[in-house]
2 protein chains.
Amino acid sequence: MNDIKQFLRSNALRPTKQRIVIAGYLFDGTDKHVTAESLSTELAKRKHIISLATIYNTLHDFYENGLLKKLTLSADRVYFDTNTDDHHHFYSEKEQFLIDINKNIKVNGLPKTPKNKKINKVEVIVHLDK
Amino acid sequence: MNDIKQFLRSNALRPTKQRIVIAGYLFDGTDKHVTAESLSTELAKRKHIISLATIYNTLHDFYENGLLKKLTLSADRVYFDTNTDDHHHFYSEKEQFLIDINKNIKVNGLPKTPKNKKINKVEVIVHLDK
DNA sequence: ATATCAGTTTAGAATGATTCTAAAGTGTTG
DNA sequence: CAACACTTTAGAATCATTCTAAACTGATAT
């Protein structure tokens, strides 16, 4: 609890009740993939009612501070990933199935980067089913 | 023109005025990345006013028939790609910059596919800037 | 040719995730 | 504990996309 407060403070985030609850859930040691909606549902199960606006705000605050990764897998919702290490994903749109690939993947044969651009990250999505 | 009609018919799509115009634009020989909005704008420039609903319908019809690929790069719009070969992309969200990587890319070190799942495709997105 | 009908197009409404607004609430600092 | 900047929130607004259901049109049979 005080750990969480310190954790938030050390990321320039004021430790409000809501952020403490959300951080407590998200950063409990197990990697998680959440959407605003799924997070809201999970917190509600735990009797923590936090407005959706705050959930969106908080996810973005955490994201801006590098505490979460943002995943764009489907056009109709944004996933946030608590695993901020460089990694990739298996993804099944049909089944909402999403798991990390932590194993070291190498992408070979990339052409040279377009002029005046810099590579931010190389993302590999392994689409399943269909 | 008759080519386009045949092309549509051979894909089980009735060659309507609108589909002929859209196919004529999309499949003119140069690879294109479009969104419903950008397609609508391009056609309007050419004095072809087609309702957005039809543009959405047509893009999906073409997609369902394998004439287009769907790209999920950003959460706020869907891109369709006239290049249906297996390929990858450079992408800059900030600049709406999107180009094909046709070169043969190899992804090594993938872990084994989750039980009872099948790989549909391996997608590599090289994110630029940030 | 023409009637017929399934497949299409369309305007406008509806949807749904996300963002915005602006008013009320709350950490933090002195 | 005063004062203020930062947060939270309900509800409205936004925006891409989908839906609805009425009008339209390509294909087929006569």
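All chains are named by letter (A, B, ...) in the order of the sequence lines, taking the proteins before the strands, and each is independently numbered beginning at 1.
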Extract from the structure each pairing of a protein N or O with an N or O of nucleotides 16-18 of chain D at less than 3.5 Å, listing the distance.
from   : atom 1 : to      : atom 2 : distance (Å)
D:dT17 : OP1    : B:Val78 : N      : 2.7
D:dT17 : OP2    : B:Tyr56 : OH     : 2.5
D:dT17 : O5'    : B:Tyr56 : OH     : 3.2

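Helix bend of the helix from C:dA1-D:dT30 to C:dG30-D:dC1: the angle between its two end axes, each built from five pairs, comes to 30° after rounding to 10°.
A:Thr54 comes within contact range of at least one nucleobase, with a heavy-atom separation under 4.0 Å.
In this structure, B:Asp61 places its CG atom 15 Å from C1' of D:dG26, rounding to the nearest Å. Going from atom CZ of A:Arg19 over to atom C1' of D:dC6 covers 8 Å, rounded to whole Å.
Between A:Asp61 and A:Arg19 there is a salt bridge, with a side-chain nitrogen of the basic residue lying less than 4.0 Å from a carboxylate oxygen of the acidic one.
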Considering only distance and modelled atom types, tabulate donor-acceptor pairs under 3.5 Å from the side chains of residues 101-117 of chain A, sequence neighbours left out.
from     : atom 1 : to      : atom 2 : distance (Å)
A:Asn102 : OD1    : A:Asn83 : ND2    : 3.1
A:Lys117 : NZ     : B:Glu95 : OE1    : 2.6
A:Lys117 : NZ     : B:Glu95 : OE2    : 3.3

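A salt bridge (Lys or Arg N to Asp or Glu O under 4.0 Å) check over residues 20-32 of chain B, counting only residues at least two apart or in different chains, returns the pairs B:Asp28-B:Lys32.
Using a 4.0 Å cut-off, no side-chain N or O of B:Gln18 falls inside it from OP1 or OP2 of D:dC24. One finds a side-chain N or O of B:Lys17 lying less than 4.0 angstrom from the OP1 or OP2 phosphate oxygen of D:dG26.
Qualifying ring-ring contact (aromatic ring centres under 6.0 Å, His included) partners for B:Tyr56, counting only residues two or more places apart in sequence or in other chains: none. Residues satisfying the ring-ring contact (aromatic ring centres under 6.0 Å, His included) test with B:Phe90, not counting sequence neighbours, are none. By the salt bridge (charged side-chain N to carboxylate O under 4.0 Å, His left out) test, B:Glu64 pairs with no residue at all, sequence neighbours left out. In this view, B:Asp81 satisfies the salt bridge (charged side-chain N to carboxylate O under 4.0 Å, His left out) rule with no residue, not counting sequence neighbours. Partners of A:Glu42 according to the salt bridge (charged side-chain N to carboxylate O under 4.0 Å, His left out) rule, which considers only residues two or more places apart in sequence or in another chain, are A:Lys45, A:Arg46.
Using a 4.0 Å cutoff on non-hydrogen atoms, no part of residues 3-13 of chain B comes near DNA chain C.
Aromatic ring centroids of B:Phe80 and B:His60 lie under 6.0 Å apart.
Residues A:Thr35 and A:Val78 fail the side-chain proximity criterion, which asks for heavy atoms closer than 4.5 Å. In this structure the side chain of A:Arg14 never reaches within 4.5 angstrom of the side chain of A:Arg9, judged on heavy atoms.
Cluster note: B:Leu73 groups with A:Leu71, A:Leu73, A:Tyr79, A:Tyr91, A:Leu98, A:Ile125, B:Leu71, B:Tyr79, B:Tyr91, B:Leu98, B:Ile125 through ILVMFWY side-chain heavy atoms spaced under 4.5 Å, whether in direct contact or through intervening members.
The side-chain contact (heavy atoms from CB on, under 4.5 Å) with B:Phe62 is formed by just one residue from the set B:Leu8, B:Thr84, B:Thr82; it is B:Leu8.
Along DNA chain C, the nucleotide nearest to B:Arg14 and the one nearest to B:Asn57 differ in position, and the one closer to the 5' end is contacted by B:Arg14.
Of all nucleotides in DNA chain C, those with any atom nearer than 4.0 Å to a heavy atom of chain A start and finish, going 5' to 3', at C:dA17 to C:dT28.
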